[in-house]
Number of protein chains: 2
Amino acid sequence: MERSVHRSPADLAEMDGMCSASIEQGMILRDLLDHLGDKWTLLVVGMLENGAVRYSELKNRVPGISQRMLTLTLKKLERDGLVSRQSFAEVPPRVEYSLTELGRTLLEPALGFARWAMESSDHITAARAAYDSRD
Amino acid sequence: MERSVHRSPADLAEMDGMCSASIEQGMILRDLLDHLGDKWTLLVVGMLENGAVRYSELKNRVPGISQRMLTLTLKKLERDGLVSRQSFAEVPPRVEYSLTELGRTLLEPALGFARWAMESSDHITAARAAYDSRD
DNA sequence: CCGTATCCCCCCAGATACTG
DNA sequence: CAGTATCTGGGGGGATACGG
């Protein structure tokens, strides 16, 4: 038990340059995943890439999302300051969602991720097939 | 309704380069999240950033992970070809996990994400506080 | 040390119905 | 059109005990 918890100050100092970055990133990544790692959040953000989109259109564009989850996801994103909501006093009612400044900064890493997924999906599929057909 | 749905063929053609990519990315992102979007996967990948790590050390470095989930996560990563497992015929037994070539390519987008999270966590916290303290 | 096997709880998300 | 309210199940994941 002491092995993992008890470290000398020297150890900690040494770790600072090489390893604690990973650990800190681990913590932050943890938070990140708790907020963005769910089933729909990144999808919704992706759909707002090109500008404001209204609720119903969003529901159409994100295949399979339920009203409940769309609402919940948008509320959370709004709370986190990544998405802004603008409702128009019209009839029929119209509500548009768009990325905030902060939300747009998320776009780049998110698309980087998506790019990786597209470039790697073949390799992964192949790797999986190879793994499954081993004895 | 027409505002958002009805677009001229020219518009659609123009969107081809900028927007349908989003939709396809949505699909791919979907798969991505199904595989990497769980609670532990990216954390484990992050811990392998600097080279091979053995099972028990991994368990120590990923705070709060259970043996069960660590094993499951590693198995899945191995199946996907992102992590390779090497066991040494020693006593006591020793098993080391490391990123494959493919796994290392994931590192860049993942760390990009982590970087964003670190740079943005303050903003998000602030936004959340502002949102919660509104009437 | 490195896992596997089993049990079980919690909560996420889907379905459905209803309001402004 | 743009949500809210409520019920429900399925599965992710923790705890624990055991095996190689």
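What you see is a predicted model, and the numbers here were worked out from it, not measured in a lab. Below, chain A is the first sequence line, B the second, and so on; all start at residue 1.
Rounded to whole Å, the distance from CG on B/Leu72 to P on C/dC2 is 17 Å. Summarising the geometry, the separation between CZ on A/Phe88 and P on D/dA2 is reported as 11 Å, rounded to the nearest angstrom. Taking atom CD on A/Glu96 and atom P on D/dG3, their separation rounds to 12 Å, with Å as the unit. In this structure, B/Met69 places its CE atom 19 Å from P of C/dC7, rounding to the nearest Å. Distance CZ (B/Arg85) to P (C/dC1): 16 Å, rounded to an integer number of Å. Between the CZ atom of B/Arg68 and the C1' atom of D/dA15 there is a distance of 11 Å, given to the nearest Å. In this structure, A/Ile65 places its CD1 atom 14 Å from P of D/dA2, rounding to the nearest Å. Note: CD (B/Gln86) to P (C/dG3) measures 13 Å, nearest angstrom.
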In residues 97-104 of chain B, what donor-acceptor pairs under 3.5 Å come from side-chain atoms, sequence neighbours left out?
from: B/Ser98; atom 1: OG; to: B/Ser84; atom 2: OG; distance (Å): 3.2
from: B/Thr100; atom 1: OG1; to: B/Gly81; atom 2: O; distance (Å): 2.6
from: B/Thr100; atom 1: OG1; to: B/Leu82; atom 2: O; distance (Å): 3.3
from: B/Thr100; atom 1: OG1; to: B/Leu102; atom 2: N; distance (Å): 3.4
from: B/Thr100; atom 1: OG1; to: B/Gly103; atom 2: N; distance (Å): 3.0
from: B/Glu101; atom 1: OE1; to: B/Arg104; atom 2: NH2; distance (Å): 3.3
from: B/Arg104; atom 1: NH1; to: B/Leu99; atom 2: O; distance (Å): 3.4

Steps toward salt bridge (charged side-chain N to carboxylate O under 4.0 Å, His left out) verdict (B/Asp34, A/Lys39)
CA-CA 8 Å; B/Asp34 286 343; A/Lys39 205 175 175 184; over 6 Å; no
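At D/dA15, none of the side-chain N or O atoms of B/Ser66 fall inside 4.0 Å of OP1 or OP2 (strictly under the cut-off). OP1 or OP2 of D/dG3 lies within a sub-4.0 Å distance of a side-chain N or O belonging to A/Tyr97. A sub-4.0 Å separation between OP1 or OP2 of D/dG3 and a side-chain N or O of A/Lys75 is absent. Side-chain nitrogen and oxygen atoms of A/Thr71 include none within less than 4.0 Å of the OP1 or OP2 phosphate oxygen of D/dG3. Between A/Lys39 and C/dG14 there is a side-chain N or O to OP1 or OP2 distance below 4.0 Å. Side-chain nitrogen and oxygen atoms of B/Arg54 include at least one within less than 4.0 Å of the OP1 or OP2 phosphate oxygen of C/dC2.
Between B/Lys59 and B/Met69, the closest side-chain pair of non-hydrogen atoms is not below 4.5 Å.
Each of B/Arg94 and A/Trp40 was assigned the nucleotide of DNA chain C with the nearest heavy atom; the assignment lying further toward the 5' end belongs to B/Arg94. Judged by closest nucleotide on DNA chain C, A/Asp38 is the one of A/Gln67 and A/Asp38 placed further toward the 5' end.
Ion pairing between a basic and an acidic side chain is recognised when a charged N comes within 4.0 Å of a carboxylate O; A/Arg115 and A/Glu119 show no such pairing.
Shortest non-hydrogen contact noted between A/Glu49 and A/Leu111 is OE2-CD1, 3.6 Å.
Nearest nucleotide to the B/Pro92 side chain, out of D/dG14, C/dC1, D/dC1: C/dC1.
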